[in-house]
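Any value given below was found using the heavy atoms of this structure, including those in side chains, with hydrogens, waters and symmetry copies removed. Counting starts at 1 for both ligands and their atoms, in listed order.
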Amino acid sequence: MKVTKRDWLFATVVAIVLGILLLNTGKEKARRVPADDRHRPFLQRLARGADREEVERECATCHNARSIALPGNHPPKEQCLLCHVRKG
Ligand code: HEC
Ligand code: HEC
């Protein structure tokens, strides 16, 4: 198959669009729950198959308006672990 000028143009456009998508997902990425002494018990309970919604209800005992507040631009706050624990 002969690669024409139009093929190159198409490939370039695809590459640019993919690049923009990748950059945006990088920016929006929530940090992982740290594997420190405070958070490890939660992660272990999850790994053992505990109910996610039950585990994350306890996040608010520390992460609330009074103590370790979330950033002002934080996305919708329920279900912490959907965003902050991902595989891979
Ligand atoms: C015992 C108190 C406590 C509980 C409970 C707790 N956290 Fe934290 N969390 C902290 C503190 C303190 C920090 C900031 C210092 C640090 O990195 O350890 C933090 C930091 C974080 C960070 C930011 C890490 C970073 O890289 O900046 C995330 C995300 C987080 N917590 C999520 C959670 C989630 C989700 C839960 C519920 C499963 C949870 N935390 C429960 C105390 C707590
Ligand atoms: C819809 C996805 C989503 C949910 C649900 C969510 N977060 Fe986040 N969280 C994020 C993103 C994205 C950031 C990074 C925000 C930024 O820096 O602009 C963040 C930032 C944070 C930070 C600051 C750490 C940092 O990145 O500097 C903490 C702490 C945190 N979240 C804890 C929680 C807790 C606790 C809950 C549950 C009450 C929760 N999050 C629910 C997506 C989410």
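- If you check each of Leu82, Asn73, Leu81, Thr61 against atom 15 (C) of ligand 2, the one with the closest non-hydrogen atom is Asn73.
- Remark: at atom 8 (Fe) of ligand 2, atom NE2 from His84 and atom NE2 from His74 enclose 180°, rounded to the nearest 10 degrees.
- Within the 4.5 Å cutoff, the side chain of Leu9 has no heavy atoms near those of the Thr12 side chain.
- Electrostatic pairing of Glu56 and Arg45 does not count as a salt bridge here, judged by no charged N lying under 4.0 Å from a carboxylate O.
- Distances below 4.0 Å separate heavy atoms of Ile68 from the following atoms of ligand 1: 10 (C), 11 (C), 12 (C), 42 (C).
- The CD1 atom of Ile68 sits 5.0 Å away from the NE2 atom of His63 when rounded to the nearest 0.5 Å.
- Annotation: atom 3 (C) of ligand 1 to nearest protein heavy atom, Cys62 SG, 2.6 Å.
- Using a 4.0 Å heavy-atom cutoff, Glu56 is absent from the residues neighbouring ligand 2.
- With Arg57, Arg32, His39 as candidates, the residue nearest to atom 7 (N) of ligand 1 on a non-hydrogen basis is His39.
- For atom 16 (C) of ligand 1, the nearest non-hydrogen atom of the protein is Asp36 OD2, 3.8 Å.
- Atom NE2 of His39 and atom CD of Gln44 lie 13.0 Å apart (nearest 0.5 Å).
- The shortest contact between atom 28 (C) of ligand 1 and any protein heavy atom is with Pro34 CD, 3.9 Å.
- A heavy-atom separation below 4.0 Å is not found between Ala60 and ligand 2.
- A donor-acceptor contact closer than 3.5 angstrom links the side chains of Ser67 and Asn64.
- Distances from atom 36 (C) of ligand 2 to the heavy atoms of Cys83, Cys80, Cys59 show the closest one on Cys80.
- Note that atom 22 (C) of ligand 1 has protein non-hydrogen atoms nearby, at separations under 4.0 angstrom.
- Those atoms of ligand 2 with a heavy atom of Gln79 less than 4.0 angstrom away are 5 (C).
- The side-chain heavy atoms of Phe42 and Val33, taken from C-beta on, include no pair separated by under 4.5 Å.
- Within ligand 1, the atoms closer than 4.0 Å to a non-hydrogen atom of Arg31 are 25 (C), 26 (O), 27 (O), 29 (C), numbered from 1 in the order shown.
- Closest of all the heavy-atom pairs between His84 and Arg31 is ND1-O, 2.7 Å.
- Of all heavy-atom pairs between Ala35 and Leu43, the closest is CA-CD1, 4.2 Å.
- When all heavy atoms of Cys80 and Cys59 are compared, the pair lying nearest together is SG-SG, 3.7 Å.
- Side-chain contact between Arg32 and Val85 is absent, with no heavy atoms from C-beta onward closer than 4.5 Å.
- Near Pro76, meaning under 4.0 Å from one of its heavy atoms, ligand 2 places the atoms 1 (C), 4 (C), 5 (C).
- Relative to atom 33 (C) of ligand 1, the option among Glu58, Arg45, Arg38, His63 with the closest non-hydrogen atom is His63.
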